[in-house]
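As the structure lists them, so they are numbered: ligands from 1, and atoms in each ligand from 1. Residue numbers start at 1 and run along the sequence shown.
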Amino acid sequence: MFERGIEIKTPAQIETMRAAGLVVGETLEVLRSAAVAGISTGELDAIAHESIRSRGATSNFLGYHGFTGVICTSVNDEVVHGIPGSRVLRDGDIVSIDCGAIVDGWHGDAATTVAIGEVPDEVTELMRVTEEAMWRGIAAASLGGRVSDISHAIETTIDAAGDYGIVEGYTGHGIGSQMHQPPSVHNYGKPRRGPKLVKGLALAVEPMVTLGTAQTRTLADDWTVVTTDGSWAAHYENTFTLTDTGAWVLTALDGGKARLAELGVPYGGD
Ligand code: MG
Ligand code: MG
């Protein structure tokens, strides 16, 4: 059912999205362990493909506008949409891995950034701040609130943490029977704007943060988004919904229970 272009899911449909979300969350866990120095991004993609397939799901990335991977692998100054291939990860790299899956027509979408061996403290901190911004964005969402409450929490978390670039051209999004649906979830902005947060809405929240400016450009492969100034970037994403009891992070293995509790937010999962 759609209300003003926004898909409102039934509880049963949300349960199926949870199944898709778990495939994504479990696949990202597998990839976290697999992402070590010497592995290529193409090999990670093959592992992800097998993980999605063996869990009875299909990929929503593969073939999306012609995309050739089941994950995006974005290394160092690559922000998002990196194409898996022959690039070999080296000690000191970071790789952002974005993954999605479909179960019975319902989508999950999540991303994480992984350090390969030792990285500089400022890079570890970039990753921590970006992940924290994602969680604080989710934590700012409540029934009756507005979409930009999330945006505002993301921006204020990043701004309070230091001098970072918040990438502007790419946003979080509604998700359900399609991977990308209205509304857009910006990573900055004033609170209390945009569509109301209602039961049955599902959103992917995904801050993209750099150690430099917010400016990006797309490489000649028409996919890979890199920072214009060459600074490194991190990307974290989860798909979540709101129930009568609180927030439920559909792509987190524990449903978000632990991190939401730390932030004082009631858990809405079952
Ligand atoms: Mg994603
Ligand atoms: Mg997304």
Side-chain angles (χ1 to χ4, degrees), residues 6-7 9 17-18 20-32 35 41 44-45 48-49 51-52 57-75 78-84 94-103 106-114 127 130-131 133-135 137-138 141 147 150-151 154 166-188 194-195 201-209 216 218 223-226 233-241 248-253 256:
I6 292 173
E7 188 177 52
K9 272 68 76 173
M17 288 186 69
R18 172 59 168 160
L22 281 173
V23 172
V24 174
E26 288 165 3
T27 298
L28 285 175
E29 277 304 306
V30 170
L31 294 170
R32 280 194 152 279
T41 55
L44 288 178
D45 187 68
H49 208 163
S51 171
I52 292 167
T58 54
S59 170
N60 38 14
F61 284 29
L62 187 64
Y64 184 86
H65 297 285
F67 194 75
T68 53
V70 303
I71 53 174
C72 298
T73 49
S74 307
V75 182
E78 298 172 355
V79 183
V80 286
H81 304 167
I83 305 170
I94 58 171
V95 57
S96 294
I97 303 171
D98 198 340
C99 181
I102 311 171
V103 171
W106 295 91
H107 291 244
D109 186 11
T112 190
T113 301
V114 185
M127 293 165 58
T130 309
E131 186 178 25
M134 173 192 67
W135 282 106
I138 293 168
V147 167
I150 300 166
S151 314
I154 290 170
I166 303 176
V167 174
E168 293 180 4
Y170 305 89
T171 67
H173 49 91
I175 179 168
S177 63
Q178 308 258 333
M179 179 162 56
H180 294 131
Q181 299 181 320
S184 294
V185 184
H186 291 275
N187 290 315
Y188 52 88
L201 178 65
L203 299 172
V205 175
E206 48 179 317
M208 291 147 256
V209 183
T216 61
T218 305
W223 282 103
T224 312
V225 176
V226 300
H235 177 213
Y236 286 81
E237 176 179 24
N238 267 316
T239 296
F240 87 104
T241 191
W248 189 12
V249 183
L250 303 172
T251 44
L253 297 185

Taking it one step at a time, do F61 and T68 satisfy side chain to side chain contact (heavy atoms under 4.5 Å, CB included)? CA-CA 8 Å; F61 284 29; T68 53; over 6 Å; no

Between E7 and S177, is a side chain to side chain contact (heavy atoms under 4.5 Å, CB included) present by the stated rule, with each step listed? CA-CA 8 Å; E7 188 177 52; S177 63; 2.6 Å; yes

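Expressed to the nearest 10°, the angle at the Mg ion (ligand 2) joining OE2 in E237 with NE2 in H173 is 110°.
In terms of distance to the Mg ion (ligand 1), the nearest N, O or S atom of D109 is named OD1. Looking only at N/O/S atoms, D98 comes nearest to the Mg ion (ligand 1) through OD1.
With M17 as the fixed residue, the side chain to side chain contact (heavy atoms under 4.5 Å, CB included) test singles out one of L22, I175, V103: I175.
Residues I154 and M134 form no side-chain contact, since every pair of their non-hydrogen atoms from C-beta on lies 4.5 Å or further apart.
Checking E206 against the Mg ion (ligand 1), every N/O/S atom stays at or beyond the 2.8 Å cut-off.
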